[in-house]
Amino acid sequence: GPYTITYFGVRGRCGAMRIMMADQGQEWKEILMDFADWTKGDLKASCVFGQLPKFEDGGLVLYQSNAILRHLGRNHDAYGKDGKEAARIDMMCDGVEDLRLKYGKMIYQEYDTGKDQYIKDLPNHLDKFEAVMAKNKTGFLVGDKPSFADYSLFEVLLNHLVLCSSCLDTSPSLKSFVEKMSARPKIKAFLGSDAYKKLPINGNGKQ
Ligand SMILES: N[C@@H](CCC(=O)N[C@@H](CS(=O)(=O)O)C(=O)NCC(=O)O)C(=O)O
């Protein structure tokens, strides 16, 4: 710390890191970028990849939402107990990223024509995470405590429950995972906060 997020007024690619920091008892500053200012280009030109989110940890400046999650994982004992667990957590985080990319493509490019088919195909994607969650038996993807991959999976599942409220009905381990994560006191408080509720999930208002 001190942690600062610079991003647009959406949950988007900062949904998971906010939930993770809340659960870890961390505070952070939010610099909310409005899109008109962004299109002027000054801040964009200063971003390593020309994109947000930008994350500051004191003097350290990071971009790439999954790199930010990993940094928080390292700093808050949420990256496994050893190298093997860390590698499996990386694998699961990358798997969640694949789901995020599919979800984002549907939301931003194919919502009207592709939403129904996306929901039909969803079980084929969620069953991979269901199998890992069911096998690990601790209530987390890897090891016996939440890792940054758990926070990313949890957040992306919350978004999918908005898209399709029944999408976990055939995934009992994922359903229990979402219920348990939602019940963690600091997460429950954050999900109930105006700061969380006032932000739309995506930049185009579709969900
Ligand atoms: N891989 C990056 C993607 C970041 C990204 O796509 N940022 C978008 C906003 S959002 O899709 O995350 O909401 C952006 O800056 N868009 C503005 C621009 O590209 O000029 C990450 O994970 O952080």
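For the single chain, residues carry numbers from 1 onward in sequence order. Whatever order the structure lists them in is the order used to number ligands and atoms, beginning at 1.
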**Student:** Can you find a protein heavy atom under 4.0 Å from atom 7 (N) of ligand 1?
**Tutor:**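 Protein heavy atom within 4.0 Å of atom 7 (N) of ligand 1: present.
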**Student:** Report the part of Tyr7 in contact with ligand 1, treating N, CA, C, O as backbone and CB onward as side chain, heavy atoms under 4.0 Å; options are side chain, backbone, both, neither.
**Tutor:**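 The answer is the side chain of Tyr7.
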**Student:** If we set the cut-off at 4.0 Å for heavy atoms, which region of Tyr63 has an atom near ligand 1: side chain, backbone, both, or neither?
**Tutor:**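 Contact part for Tyr63 vs ligand 1: neither.
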**Student:** Between Arg18 and Glu30, is there a side-chain N and carboxylate O pair less than 4.0 Å apart?
**Tutor:**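 Looking at Glu30 together with Arg18, the answer is yes, because their closest N to O distance falls below 4.0 Å.
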**Student:** Under a heavy-atom criterion of less than 4.0 Å, does Gly203 contact ligand 1?
**Tutor:**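 False for this residue.
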**Student:** Between Asp94 and Arg70, is there a side-chain N and carboxylate O pair less than 4.0 Å apart?
**Tutor:**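 Judged by the 4.0 Å cut-off on N to carboxylate O distance, Asp94 and Arg70 do form a salt bridge.
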**Student:** Is Arg11 positioned over the aromatic face of Tyr196, cation under 6.0 angstrom from the ring centre and no more than 45 degrees off axis?
**Tutor:**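 Checked: cation-pi criterion met.
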**Student:** Considering the heavy atoms of Phe8, write down every atom of ligand 1 situated less than 4.0 Å from one of them.
**Tutor:**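 Those of ligand 1 that fall under 4.0 Å from Phe8 are 9 (C), 14 (C), 15 (O).
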**Student:** Kindly check if the number of other-residue, nucleotide or ligand heavy atoms within 6.0 Å of CD (Gln109) is above 12?
**Tutor:**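 Count over threshold, so yes.
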**Student:** I'd like to check whether Trp38 has a polar contact with ligand 1, where a contact means an N/O of the residue lying under 3.5 Å from an N/O of the ligand.
**Tutor:**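 Yes: some nitrogen or oxygen of Trp38 is under 3.5 Å from one in ligand 1.
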**Student:** Under the 6.0 Å and 45° cation-pi test, does Lys180 pair with Phe140?
**Tutor:**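 Yes.
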**Student:** Identify the protein heavy atom lying closest to atom 22 (O) of ligand 1, giving its residue, its atom name and the separation to 0.1 Å.
**Tutor:**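 Ranking protein heavy atoms by distance from atom 22 (O) of ligand 1, first comes Ser65 OG, 2.6 Å.
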**Student:** Answer yes when Asp144 and Lys81 have at least one side-chain N-carboxylate O distance shorter than 4.0 Å, and no when they do not.
**Tutor:**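 Salt bridge absent between Asp144 and Lys81.
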**Student:** Kindly say whether Asn124 contributes a backbone atom to a donor-acceptor pair with the side chain of Lys128 at under 3.5 angstrom?
**Tutor:**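 Side chain of Lys128 to backbone of Asn124, a donor-acceptor pair under 3.5 Å: yes, one is there.
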**Student:** Please state which protein non-hydrogen atom is closest to atom 3 (C) of ligand 1 and give its distance, to 0.1 Å?
**Tutor:**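 The closest one turns out to be Gln51 OE1, 3.5 Å.
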**Student:** Under 4.0 Å from a heavy atom of Pro53: which atoms of ligand 1 are those, numbered in the order shown and with their elements?
**Tutor:**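 Result: 23 (O).
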**Student:** So which protein heavy atom does atom 1 (N) of ligand 1 come closest to, and at what separation?
**Tutor:**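 Result for atom 1 (N) of ligand 1: Gln64 OE1, 2.7 Å.
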**Student:** Any N/O of Leu52 closer than 3.5 Å to an N/O of ligand 1?
**Tutor:**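 Yes - when backbone and side-chain N and O of Leu52 are compared with those of ligand 1, one distance drops under 3.5 Å.
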**Student:** I'd like to know if Lys102 pairs up with Asp121 as an ion pair, taking the criterion as any Lys NZ or Arg NE/NH1/NH2 lying under 4.0 Å from an Asp or Glu carboxylate oxygen.
**Tutor:**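 Asp121 and Lys102: not salt-bridged.
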**Student:** Of the protein's non-hydrogen atoms, which lies at the shortest distance from atom 18 (C) of ligand 1, and what is that distance?
**Tutor:**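 Here the closest protein heavy atom is Lys44 NZ, 3.4 Å.
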